[in-house]
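Written below as structure tokens is the structure these notes are about.
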2 protein chains.
Amino acid sequence: MRNNLRDRNRKPTHPGTILREDVLPALNMTQVEFAERLGVSRLTVSELLHEKRALSPEMAVRLGRLLSTTPDSWLAMQSTLNLWQALHELPELAEIVPLRASA
Amino acid sequence: MRNNLRDRNRKPTHPGTILREDVLPALNMTQVEFAERLGVSRLTVSELLHEKRALSPEMAVRLGRLLSTTPDSWLAMQSTLNLWQALHELPELAEIVPLRASA
DNA sequence: TATCATGTAACCTACTGGATTACAGTATAC
DNA sequence: GTATACTGTAATCCAGTAGGTTACATGATA
């Protein structure tokens, strides 16, 4: 419970962080080779690693195939981040009145 | 297991289906009022109900607030569908060679 | 020194969520 | 039967973004 509260205030980890800090080092592979194997440009990989762009469903499938993981695990990280951003960066959403409160 | 295999071949349900078939009828509410309470235009609701567009993270938060549900449950439906579409509608992704197969 | 890997910027394309406006059809109310 | 409301749909605009290409500067390394 306290963890949930804390987690909700903490910005979720961008999937690029995992790729940059864990996956690529463990593979001992350059970004260039990683991009080639994924079938995308070097820039797409670089910008993803540096959290300049979101991890798309298409990229989740690419990673899943290359790394033999479930695409879901990658996309779920991004979705969690997207939700957090919507909650925190769109203050107008707070004006929506729950139906239970107006019934 | 058999269910998983079967589920992977079946196109996941669009979140708009649930809104159209279950949520709105249960609320006994017009699309116009639903849209007003969500703070979006009538068209945004109509097109979502008819699966003409995806359910965005922003909309997931709106629905979560209005309906007192978790935004995650809505966004997860869309993510599952997005993944299924990437897997089935982008045949070039099948050309990615898993690292475990080339080691 | 020459090569490779990387970060970054500029620019382009295609797609998409959302808003607005408009029109046609179907109800329902009077 | 007429008016009002709800709905589906189309056209148009805008902003954001994933991905590509090209180019340049830098750092590391052979």
Side-chain angles (χ1 to χ4, degrees), chain A residues 14-17 19-21 23-25 27-66 71 74-75 77-79 81-93 95-96, chain B residues 14-17 19-21 23-25 27-66 71 74-75 77-79 81-83 85-87 89-93 95-96:
Chain A
H14 191 290
T17 308
L19 293 172
R20 170 169 39 86
E21 295 183 353
V23 175
L24 261 186
L27 290 176
N28 200 32
M29 187 182 292
T30 68
Q31 289 184 26
V32 172
E33 182 182 354
F34 195 55
E36 284 172 352
R37 292 186 184 274
L38 285 172
V40 298
S41 78
R42 174 180 77 85
L43 277 133
T44 297
V45 165
S46 177
E47 291 181 7
L48 179 58
L49 291 193
H50 290 83
E51 313 172 20
K52 302 282 179 59
R53 64 168 68 186
L55 190 148
S56 65
E58 175 183 325
M59 188 62 71
V61 173
R62 291 186 188 273
L63 289 168
R65 273 197 65 86
L66 187 68
W74 294 106
L75 194 54
M77 289 194 63
Q78 184 63 53
S79 295
L81 180 55
N82 288 344
L83 266 188
W84 188 93
Q85 287 172 330
L87 272 168
H88 286 76
E89 297 167 9
L90 297 174
E92 66 269 28
L93 300 188
E95 296 167 11
I96 298 175
Chain B
H14 191 290
T17 308
L19 292 171
R20 170 170 39 86
E21 295 183 354
V23 175
L24 261 186
L27 291 176
N28 200 29
M29 187 182 292
T30 69
Q31 290 184 25
V32 172
E33 182 181 356
F34 196 54
E36 283 172 353
R37 292 185 183 272
L38 285 171
V40 297
S41 78
R42 174 181 76 86
L43 290 201
T44 297
V45 165
S46 177
E47 292 181 7
L48 180 58
L49 291 193
H50 290 83
E51 312 173 19
K52 301 283 180 61
R53 64 167 67 186
L55 189 148
S56 65
E58 176 182 326
M59 188 63 70
V61 173
R62 290 185 188 275
L63 289 169
R65 274 197 63 85
L66 186 67
W74 294 106
L75 193 54
M77 289 193 62
Q78 184 63 52
S79 294
L81 180 54
N82 287 345
L83 266 187
Q85 287 171 331
L87 273 167
E89 297 167 10
L90 296 173
E92 65 269 30
L93 300 187
E95 296 167 10
I96 297 174

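- Every residue was checked against the side chain to side chain donor-acceptor pair (under 3.5 Å) condition with B:Thr30, not counting sequence neighbours, and none meets it.
- If you take CD of A:Gln31 and C1' of D:dG19, they are 16 Å apart, rounded to a whole angstrom.
- Within the model, atoms CG of A:Leu19 and CH2 of A:Trp74 stand 4.0 Å from one another, a figure rounded to the nearest 0.5 Å.
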Below 3.5 Å is the cut-off: list the nitrogen or oxygen pairs between protein and nucleotides 27-30 of chain C, distance only.
none

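- Residues B:Gln85 and B:Leu81 have side chains in contact (heavy-atom distance under 4.5 Å, counting atoms from C-beta outward).
- Rounding to the nearest 0.5 Å places CG of A:Leu83 at 4.5 Å from CG of B:Leu75.
- The side chain to side chain donor-acceptor pair (under 3.5 Å) search around B:Gln31 returns none, not counting sequence neighbours.
- When the C1' atom of C:dG7 is taken as reference, atom CG of A:Leu24 falls 15 Å away, rounded to whole Å.
- Protein atom CD of A:Glu33 is 13 Å distant from nucleotide atom C1' of C:dC4, rounded to whole Å.
- Listed for the B:His50 side chain is no donor-acceptor partner under 3.5 Å among the backbone atoms of B:Lys52.
- Distance, B:Glu36 CD to C:dT20 P: 12 Å, rounded to whole Å.
- Here the C1' atom of nucleotide D:dG8 and the CZ atom of B:Arg20 are 13 Å apart, to the nearest Å.
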Between protein and nucleotides 22-28 of chain D, what N or O pairs are separated by less than 3.5 Å?
unit_1	atom_1	unit_2	atom_2	d
D:dA23	N6	A:Arg42	NH2	3.4

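- A salt bridge links B:Arg20 to B:Glu51: one of the charged nitrogens lies within less than 4.0 Å of a carboxylate oxygen.
- Dashed line: the shortest gap from a side-chain N or O of B:Ser46 to OP1 or OP2 of D:dT7 is not under 4.0 Å.
- The side chain to side chain contact (heavy atoms under 4.5 Å, CB included) check on A:Glu21 picks up A:Thr17, with sequence neighbours excluded.
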For nucleotides 14-18 of chain C, print each protein N/O atom paired with a nucleotide N/O atom at under 3.5 Å, atom names and distance only.
unit_1	atom_1	unit_2	atom_2	d
C:dG17	OP1	B:Ala54	N	3.4
C:dG18	OP1	B:Ser56	OG	2.7
C:dG18	OP2	B:Arg53	NH1	3.2
C:dG18	N7	B:Arg53	NH2	3.3

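- Atom-to-atom, CG of B:Leu48 to P of D:dT9 comes out at 14 Å; the value is rounded to the nearest Å.
- When rounded to the nearest whole Å, the span between CG of A:Leu19 and P of C:dG7 equals 13 Å.
- The distance from atom CD of A:Glu89 to atom CG of A:Asn82, rounded to the nearest 0.5 Å, is 10.0 Å.
- When all heavy atoms are compared, the tightest approach of A:Arg37 to B:Ile96 is O-CG2, 3.6 Å.
- Separation of atoms CG (B:Leu24) and CZ (B:Phe34) is listed at 5.0 Å; rounding is to 0.5 Å.
- Spacing between atom CG of B:Leu49 and atom C1' of D:dT9 amounts to 14 Å, rounded to whole angstrom units.
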